[in-house]
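The structure under discussion appears below in the form of structure tokens.
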Amino acid sequence: MQRITLTQFLIEQQRAGRTTADLRLLIEVVARAVKAISVNVSKGALAGVLGEAGSDNVQGEAQKKLDVIANEILIQANEWGGHLAGMASEEVEDIRPIPREFPKGGYLLLFDPLDGSSNIDVNISVGTIFSVLRCPEGCVEPSEAEFLQPGRDQVAAGYALYGPSTQLILTVGDGVHGFTLDREMGSFIYTHPFMTVPVDTHEFAINASNARFWEAPVKRYVSEMQEGKTGPRGRDFNMRWVASMVADVHRILTRGGVFMYPIDEKCRAQGGKLRLMYEANPMAMIVEQAGGAATTGRERILDVAPTRLHQRVPVILGSRNEVERVTRYHAED
Ligand code: FBP
């Protein structure tokens, strides 16, 4: 089979009118940054990049050295790129304007530079998640308000998975496509066309150590699966939890499943655990584009009206029939 690179794929998308030249070039800049992050992640202790950075991020979480390195790599690459009006990062409190010395573009980029930070020092897969929005017409100096657009207005979303191989998973609104980094060529090769999430599954992912804090609908849903054949579901289920959202979602894109980080008594005050703008929204767009579903338990994630840049939301996503079932349990509650 002829090997197609990410560049060739994106040019084909542009020729078919499914993306603009600027969006294509923006995605290429993000892909280049991902390659540089992949090199740092894979070097680990050899490059002295493991462990704490000695600083906290806007969420009050201790930053890992790789959180800071990945954040800097993405910011430097994209502020120079010329396709953005502004950026927002999990690691930075306010939006990041494009410095005056660089040309500006019509897009807004939001990202979680290194997802799954708790797994970095134990050599388990981590990732980068990104979301692309249009900057409102006529706005040259966007403020936080311009970024607060519902997820359904994303023009592109993707994630990189730094695992045994480095992969880039992408949607520009025409299905979900996967690329694998060929380290010798230094190029992403098109390896997973039109990824789809099976509508049914026997696998669920949730941090079960929070069970005592869950709301009744989630307790009901999970206990029915744990009862397996002997319970109302009449079949057995298996559980997986990597604690890197990117790795858990990638497994679901590859073989199905349902991922849950629901609201519970532990995270209710902050509205949830995962961040809407650069974790939930991009993953929800990808999962929906792959035929799956994504809700907060009560609302479609892509319809949530954002109110703050770093707001958190409950997340339930994956195989459509399971997401619809647990969402129905919330409605029945
Ligand atoms: P960050 O690492 O970007 O802060 O992401 C949050 C996250 O690590 C997700 O990737 C993952 O799904 C979740 O938190 C794990 O939570 P927990 O530690 O409760 O299992």
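Of the N and O atoms on the side chains of Thr20 and Asp22, not one donor lies less than 3.5 Å from an acceptor on the other residue. Between Asn281 and Ser131, the side chains place no donor N or O within less than 3.5 Å of an acceptor N or O (distance only, hydrogens not considered). Checked by atom type, the side-chain pair Ser38/Arg183 shows a donor-acceptor distance below 3.5 Å. Asn71 and Ser89 are linked by a side-chain donor-acceptor pair at a separation below 3.5 angstrom, with hydrogens and angles left out of the test. Between the side chains of Gln8 and Thr5, a donor-acceptor pair is found at a separation under 3.5 Å. Looking only at atom types and distance, the side chain of Gln63 has no donor-acceptor partner in the side chain of Glu52 under 3.5 Å away.
The pair Arg275-Asp112 does not meet the salt-bridge criterion, since no charged nitrogen lies less than 4.0 angstrom from a carboxylate oxygen. Salt-bridge check for Lys104 with Glu79: failed, with every basic side-chain N at 4.0 Å or more from each acidic carboxylate O. The existence of a salt bridge linking Arg3 and Asp182 is confirmed by a sub-4.0 Å separation between a basic side-chain nitrogen and an acidic carboxylate oxygen. With respect to the salt-bridge test (charged N to carboxylate O, under 4.0 angstrom), the residues Arg235 and Glu227 do not qualify. Glu203 has a carboxylate O that lies under 4.0 Å from a charged side-chain N of Arg255, or vice versa, which qualifies the two as a salt bridge. We find that Glu224 and Lys219 are not joined by a salt bridge, their nearest charged nitrogen and carboxylate oxygen being 4.0 Å or further apart.
Checked against ring pair (Phe, Tyr, Trp, His ring centres under 6.0 Å), His83 has no partners two or more places apart in sequence or in another chain. Under the rule for a side chain to side chain donor-acceptor pair (under 3.5 Å), the partners of Ser117 that lie at least two apart in sequence or sit in another chain are Asp67. Taking Phe213 as the reference, nothing meets the ring pair (Phe, Tyr, Trp, His ring centres under 6.0 Å) condition, with sequence neighbours excluded. Evaluation of the side chain to side chain donor-acceptor pair (under 3.5 Å) rule for Ser143 yields Glu146 as partners, not counting sequence neighbours. Residues meeting the side chain to side chain contact (heavy atoms under 4.5 Å, CB included) test with Arg18, sequence neighbours left out: Gln13, Ala16, Asp174. Partners of Asp121 under the side chain to side chain donor-acceptor pair (under 3.5 Å) rule, at least two apart in sequence or in another chain, are Lys64. The ring pair (Phe, Tyr, Trp, His ring centres under 6.0 Å) search around His330 returns none, not counting sequence neighbours. His310 pairs by the side chain to side chain contact (heavy atoms under 4.5 Å, CB included) definition with Val58, Gln59, Tyr278, not counting sequence neighbours. Applying the ring pair (Phe, Tyr, Trp, His ring centres under 6.0 Å) test to Tyr221 and every residue at least two apart in sequence or in another chain returns nothing.
The side-chain heavy atoms of Trp214 and Ile263, taken from C-beta on, include no pair separated by under 4.5 Å. Counting only heavy atoms from C-beta outward, the side chains of Leu108 and Pro142 approach each other to under 4.5 Å.
Of the candidates His250, Lys273, Met283, Met283 is the only one forming a side chain to side chain contact (heavy atoms under 4.5 Å, CB included) with Met245. Evaluated for a salt bridge (Lys or Arg N to Asp or Glu O under 4.0 Å) with Glu332, the options Arg325, Arg298, Arg220 yield exactly one hit, Arg220. When Thr180, Leu6, Ile4 are each tested for a side chain to side chain contact (heavy atoms under 4.5 Å, CB included) with Tyr190, only one passes: Ile4.
The ring of Phe188 has its center no closer than 6.0 angstrom to the ring center of Phe9. Checked against a 6.0 Å centroid threshold, the rings of Phe194 and His177 count as neighbours.
Grouped by direct or indirect side-chain proximity (heavy atoms under 4.5 Å, Ile/Leu/Val/Met/Phe/Trp/Tyr only), Val140 sits alone. Taking Ile, Leu, Val, Met, Phe, Trp and Tyr as hydrophobic and joining them when side-chain heavy atoms fall under 4.5 Å apart, one finds Val242 in a cluster with Val122, Ile124.
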Next item on the list: Verify side chain to side chain contact (heavy atoms under 4.5 Å, CB included) between Val249 and Val287, making sure each step is shown before the conclusion.
Entry: CA-CA 8 Å; Val249 171; Val287 165; 4.3 Å; yes
Checklist line | Candidate pair Phe259 and Ile316, rule side chain to side chain contact (heavy atoms under 4.5 Å, CB included), full reasoning | finding: CA-CA 6 Å; Phe259 170 92; Ile316 297 172; over 6 Å; no
Next item on the list: Show your working on side chain to side chain contact (heavy atoms under 4.5 Å, CB included) between Leu23 and Leu10 and close with a plain yes or no.
Entry: CA-CA 9 Å; Leu23 182 56; Leu10 291 171; over 6 Å; no
Next item on the list: Output, in order, the C-alpha distance, side-chain angles, deciding distance and verdict of side chain to side chain donor-acceptor pair (under 3.5 Å) for Thr307 and Gln311.
Entry: CA-CA 7 Å; Thr307 53; Gln311 85 182 75; 3.1 Å; yes
Note to self: Let's go through Arg328 and Glu324 carefully: what are the C-alpha distance in whole Å and the side-chain angles of both, what is the deciding distance for salt bridge (Lys or Arg N to Asp or Glu O under 4.0 Å) to 0.1 Å, and is it a yes or a no?
What the structure shows: CA-CA 6 Å; Arg328 192 170 65 247; Glu324 285 173 359; over 6 Å; no
Next item on the list: Dump the intermediate steps for side chain to side chain contact (heavy atoms under 4.5 Å, CB included) on Trp241 and Asp248, then the final yes or no.
Entry: CA-CA 7 Å; Trp241 184 250; Asp248 283 309; 4.0 Å; yes
Next item on the list: Evaluate the salt bridge (Lys or Arg N to Asp or Glu O under 4.0 Å) criterion for residues Glu279 and Arg312: first the C-alpha distance (whole Å), next the side-chain angles of each, then the deciding distance (0.1 Å), finally the verdict.
Entry: CA-CA 9 Å; Glu279 290 177 321; Arg312 301 170 188 248; over 6 Å; no
Checklist line | Asp303 vs Arg152, salt bridge (Lys or Arg N to Asp or Glu O under 4.0 Å): CA-CA, chis, key distance, verdict | finding: CA-CA 6 Å; Asp303 290 336; Arg152 62 176 177 268; 3.0 Å; yes
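Nearest heavy-atom pair across Ser244 and Gly116 is OG-CA, 3.4 Å. Nearest heavy atoms, Thr201 versus Gly256: OG1-C, 3.7 Å.
Few gaps surround CZ on Arg233; more than 12 heavy atoms of other groups in view lie less than 6.0 Å from it.
Note that OG of Ser319 is 7.0 Å distant from CG of Asp200, once rounded to the nearest 0.5 Å. Taking CG of Leu274 as the reference point, atom CG of Asp115 lies at 8.0 Å (rounded to 0.5 Å). Expressed to the nearest 0.5 Å, how far CZ of Arg308 lies from CE of Met277 amounts to 11.5 Å. One finds the CG atom of Asp153 at 12.0 Å from the CG atom of Leu148 (value rounded to the nearest 0.5 Å). A distance of 8.5 Å separates CD1 of Ile120 from OG of Ser118, quoted to the nearest 0.5 Å. A distance of 5.5 Å separates CG of Leu109 from CG of Leu84, quoted to the nearest 0.5 Å.
Residues in residues 27-42 take part in these salt bridge (Lys or Arg N to Asp or Glu O under 4.0 Å) pairs, two or more places apart or across chains: Arg24-Glu28.
Placement of Phe111 and Ile286 in two distinct hydrophobic clusters is found when ILVMFWY residues are connected by side-chain heavy-atom separations under 4.5 Å, directly or transitively.
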